[in-house]
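First comes the structure, then the notes that go with it.
Both counts, for ligands and for their atoms, begin at 1 and track the order of listing.
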Amino acid sequence: MRNTYEGRSVLLTGVAGDIGRTYLHQFVKAGAQVVATDLENTTDTAESAVAEANTLGAGRAVFVPADITAAGDMAKAVRTATDTFGRLDALVNNAAIYHGLGPKRPLTELTEQDWERVLRVNVVGTWQAIRAAAPALADGGGGRIVNVASVVTRNGAAGFAHYVASKAAVEGLTRSAARELGAAGTTVNAVSPGLVDDTGSRAVNTDEYMERVAATRSIQRAMLPDDLVSAVMWLAGPDSGFVSGQTVIVDGGGVFA
Ligand SMILES: NC(=O)c1ccc[n+]([C@@H]2O[C@H](COP(=O)([O-])OP(=O)(O)OC[C@H]3O[C@@H](n4cnc5c(N)ncnc54)[C@H](O)[C@@H]3O)[C@@H](O)[C@H]2O)c1
């Protein structure tokens, strides 16, 4: 695959989670210059992910603590990319509330605060990052935005109504942003992961549920963060310039849509 990241700069959110750390490492291995972000209270974990990434390859990463819901934080992250690396080529909107959702609950037991928190981070935060990055992406003429949805928008995942709704909104935002930012040459797509066997999923699902989901896939095994890497890197890279507004499901053939 011709998809070198040498000389490309990527803003990646949510690097303290298992999936974000995996993306970070693969981007740096491929030669990318990465501004890696996550909440300030994850600094130890995020800094160690960045330090490890910097031992892996030709690229380089720097950590910037940033809350995706805060306009000033996201502007600072974008400025770090343009000041440190001279450009911004891609935004990967990986951060979300997932791990922190707590146990699954019937929608009748969710509170307004639960809804507001999830929508604020997963939807408004994704928009906030797009808003901050769009001008710098446009400067290069071939910007890439990769949002992260979830297969739960297709299968409905009982007990997670607010999270499912938030990820459906991310798909809608992806299409709308694709229409608006396409004029500047920026593509906007979403990757929709299936249930990944990671710390976040193990915190909100039973082992039995994890095994049951794996058995429903066409490829009947646990899904790992590494399974997402090629789709994300293709959509964030130079070779996908005529693909926009799409949601690519990566779940081992579990749902077809
Ligand atoms: N793990 C799965 O099975 C699965 C499935 C489908 C989609 N996803 C999505 O993939 C992405 C990564 O998932 P994960 O399992 O690594 O999740 P995770 O919860 O472990 O990590 C998400 C990261 O986002 C960060 N974050 C949360 N709120 C933030 C904010 N306001 N500002 C900045 N950062 C914030 C967290 O600190 C965390 O490090 C998420 O978008 C998630 O919704 C995960």
Legend entry - Residue shell around ligand 1, heavy atom under 4.0 angstrom: G14, A16, G17, D18, I19, D38, L39, T42, A66, D67, I68, N94, A95, A96, Y98, H99, V121, V148, A149, S150, Y163, K167, P193, G194, L195, V196, D198, S201
Legend entry - Lys NZ or Arg CZ of R212 over Y209 ring: under 6.0 Å, within 45°: no
Inset, instruction - In sequence, state the C-alpha distance, the side-chain angles, and the governing distance for K167 and N122, and then conclude on side chain to side chain contact (heavy atoms under 4.5 Å, CB included). - result: CA-CA 7 Å; K167 292 298 188 178; N122 296 6; 4.3 Å; yes
Inset, instruction - Please state whether the rings of Y98 and Y163 are parallel, tilted or perpendicular, taking 30° and 60° as the class boundaries. - result: tilted
Got a list of side-chain donor-acceptor pairs under 3.5 Å for residues 146-156, not counting sequence neighbours?
unit_1	atom_1	unit_2	atom_2	d
N147	OD1	N93	ND2	2.9
N147	ND2	T174	OG1	3.0
S150	OG	V152	N	3.1
T153	OG1	S150	O	3.2
T153	OG1	E171	OE2	2.7
R154	NH2	E171	OE1	2.7
R154	NH2	E171	OE2	3.3
N155	OD1	A157	N	3.1

Inset, instruction - Compare all side-chain heavy atoms of V34 with those of Y23 and state whether any distance is below 4.5 angstrom. - result: no
Inset, instruction - Using atom types as modelled and distance alone, determine if a side-chain donor or acceptor of D38 lies under 3.5 Å from a backbone N or O of A16. - result: yes
